[in-house]
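Here the structure is laid out as structure tokens; the discussion comes afterwards.
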Amino acid sequence: MISAYTGTAVQAAEKPLLEAGVDLMARAAYGLANAVLWRLRTSGRVYGSSVALLIGPGNNGADALYAGELLSRRGVRTTAVLGSERVHGPAFAAFQAAGGTVVRLAERGVRDSASLVAQADLVVDGLLGTGARGGLRDAVADLVAALCEIGGLQVIACDLPSGVNADTGEVSGVVLSAIETVTFGGIKAGLLLPPGEGFAGDISYVDLDLSLPAAALERLDQDDLLRHWPRPGRSDHKYSRGVLGVVAGSTAYPGAAQLALHGALAAGTAMIRYLGPATLRAGGLPPEVVPGASTVAANRVQAWLVGPGVSDDAEQERRCLDAINSGLPVLADAGALPLLPERVGPQVVITPHAGELAALLSRRGHPTVRADVERSALEHARLAAQLTGATVLLKGATIVVVSPQGEVHSQSEGTPWLATAGSGDVLAGILGALLAAGVAPPLAAAMAASVHGRAGVLASGGGPMTASGIAEAVPQVLRELFEGID
Ligand SMILES: NC(=O)C1=CN([C@@H]2O[C@H](COP(=O)(O)OP(=O)(O)OC[C@H]3O[C@@H](n4cnc5c(N)ncnc54)[C@H](O)[C@@H]3O)[C@@H](O)[C@H]2O)[C@H](O)CC1
Ligand SMILES: [K+]
């Protein structure tokens, strides 16, 4: 499990150590310098290479200056570009004493400074850290905009990419995209949330031995999947493993039902009862799927998956609503989202994309458009969880899961190739399988997101793929997970 924290929590945890005289900054700078040295070494040489350091007014700039001092002492040509008048005095003095070159943005100007920085082998972004209020401003913003336009820079972010909110992952103004972020004391939640995660690159963590509070966000890793993924025991039979009821598809969208069913079967559901249009029931279903009784109440299942491909079909919509109101664990997706009652119980999971979440919030008196959700994903997912009472899985390159109790998960194992028609239906199937097997909704949502992402990577192999291909890859992902156990 990867745990992440708010910037405020990390700062609060630093306080007692700082008061006890522990030089946390030296440890942060040492970790940052090592990350830079490793990059320089793997791309050629350390001695004689060049590193530009972008320096802001606070401790984040100080970390970068102390790292610059260490790099200078290893024979790296270092140039600090000071973005503001104010700079951390002792760190600045140490940097100069080690032979680093200093350039003041106010004197050198944006264009000259940008071309100087662009010549460096590596750039360290030490402009803003956890003390940031909003994004980069004035000439510093212009400098970063110019660097973004030049492009192709190898940037290592100090603690977090400047302009990314440490708590929420929201991005203000222009931000330099990093290949790596070296973060100190605790991984900041904003590095694992959209859209901030998209700027962070690989995350390296420098442990400062802080006593941190409960995590603000958790991300499941391979061990968590292995620990929690349901596997049949010797005494299990097809019913005891959990029966899933599926209400999906309509005459207009038969494919969504197929994909959701395929996803659920691939994820290990041993028994599915399907409720849908007669055309689909008569021969269009995978052979493993059993046609269910026509009403929700007449089917014995452990969980429901409702909504994929349900459109303009009163009978299907009735079933979706009955399943949502059944009190059983239920995943409501796509066509079931507009049917969601004002409040539901914590056994319900909803899986909107940004546009669907905006529509859902707008219907509940919070006028929202897709761009709002994309800008502050966590805030909107959290609001939806509070308003509806459901666990919310917000789809995207980084998937955010928020439970009605406020627990937050995020997963981003996927690939941009996953953005293909039907991909969400397969995700719904995987999540439905986990709910039927009795996995708690927030954990099931995070596990489904993870396995869906992994299956996408496997199916893609770096190129295009189909949604069916994602479902076909799920058993292989699980096989690799279970390899070597039992
Ligand atoms: N405390 C420690 O010893 C350690 C800190 N570490 C690093 O410190 C930063 C956090 O440092 P802090 O000085 O609190 O904040 P910043 O450097 O992010 O910002 C400082 C300063 O900047 C001004 N400011 C805020 N927002 C803006 C803005 N939008 N534009 C311009 N200027 C802005 C404001 O005056 C702030 O006071 C943390 O990220 C670590 O890098 C180490 O982790 C080690 C221990
Ligand atoms: K930074």
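Order of listing sets the numbers, starting from 1, for every ligand and every atom in it. Along the sequence shown, residues are numbered consecutively beginning with 1.
For atom 23 (C) of ligand 1, the nearest non-hydrogen atom from the set Pro57, Ser172, Gly185, Gly129 comes from Pro57. With Gly135, Gly58, Ala141 as candidates, the residue nearest to atom 20 (C) of ligand 1 on a non-hydrogen basis is Gly58. Selection from Leu208, Leu18, Asn59 by nearest heavy atom to atom 3 (O) of ligand 1 gives Leu18.
The shortest separation from a heavy atom of Gly56 to ligand 1 is not under 4.0 Å, leaving the residue out of contact. Heavy-atom separations between Arg86 and ligand 1 include at least one value shorter than 4.0 Å.
One of the N, O or S atoms belonging to Leu160 lies under 3.4 Å away from the K ion (ligand 2). Within the coordination shell of the K ion (ligand 2), defined by N, O or S atoms under 3.4 Å, Leu128 is present.
Counted by atom type alone, Thr398 and Ser410 present zero donor-acceptor pairs between their side chains at under 3.5 Å. Side chains of His409 and Ser403: no donor on one and acceptor on the other come within 3.5 Å. Side chains of Arg108 and Ser113: a donor-acceptor N/O pair is absent below 3.5 angstrom, by distance only. Of the N and O atoms on the side chains of Ser204 and Glu180, at least one donor lies less than 3.5 Å from an acceptor on the other residue. No side-chain donor from either of Thr168 and Glu379 sits under 3.5 Å from a side-chain acceptor of the other. With hydrogens and angles left out, the side-chain atoms of Arg219 and Ser450 include no donor and acceptor closer than 3.5 Å.
Atoms of ligand 1 found under 4.0 Å from any heavy atom of Phe184, numbered from 1 in the order shown, are 41 (O), 43 (O). Within ligand 1, counting atoms from 1 as listed, the ones closer than 4.0 Å to a heavy atom of Ala132 are 18 (O), 25 (C), 26 (N). Near Gly134, meaning under 4.0 Å from one of its heavy atoms, ligand 1 places the atoms 29 (N).
The protein heavy-atom contact nearest to atom 6 (N) of ligand 1 is Asp63 OD2, 3.4 Å. Looking from atom 33 (C) of ligand 1 to the surrounding protein, the closest heavy atom is Leu128 CD2, 3.6 Å. Scanning the protein heavy atoms around atom 32 (N) of ligand 1, the nearest turns out to be Arg137 NH2, 3.8 Å. For atom 26 (N) of ligand 1, the nearest protein heavy atom (residue, atom name, distance) is Arg133 N, 2.8 Å. Remark: minimum distance from atom 39 (O) of ligand 1 to any protein heavy atom is reached at Asp159 OD2, 2.5 Å. Residue, atom and distance of the protein heavy atom nearest to atom 36 (C) of ligand 1 are Gly131 O, 4.0 Å. The single protein non-hydrogen atom nearest to atom 9 (C) of ligand 1 is Asn60 N, 3.7 Å, given as residue, atom name and distance.
A salt bridge does not link Glu483 with Arg479: every distance from a Lys NZ or Arg NE/NH1/NH2 to an Asp or Glu carboxylate oxygen is 4.0 Å or more. Classification of Arg111 and Asp142 as a salt-bridged pair fails, no side-chain N sitting under 4.0 Å from a carboxylate O. Salt bridge absent: Arg375 and Glu170 never bring a charged side-chain N and a carboxylate O closer than 4.0 Å.
Contacts between Gln11 and ligand 1 below 4.0 angstrom, taking non-hydrogen atoms only, involve the side chain exclusively. Residue Thr130 touches ligand 1 through backbone and side chain together, judged by heavy-atom distances below 4.0 Å.
Checked options Val182, Val124, Val76, Asp121; the residue passing with Val36 is Val124 (criterion: side-chain contact (heavy atoms from CB on, under 4.5 Å)).
Nearest N/O/S atom of Asp125 with respect to the K ion (ligand 2) is recorded as O.
For the pair O of Cys158 and OG of Ser162, the angle at the K ion (ligand 2) is about 170°; rounding is to 10 degrees.
A distance-only check finds a donor-acceptor pair linking the side chain of Thr368 to the backbone of His366 [under 3.5 Å]. The backbone N or O of Thr351 sits less than 3.5 Å from a side-chain atom of Lys395, completing a donor-acceptor pair. Arg77 places a side-chain N or O within 3.5 Å of a backbone atom of Gly48 that can act as its donor or acceptor partner.
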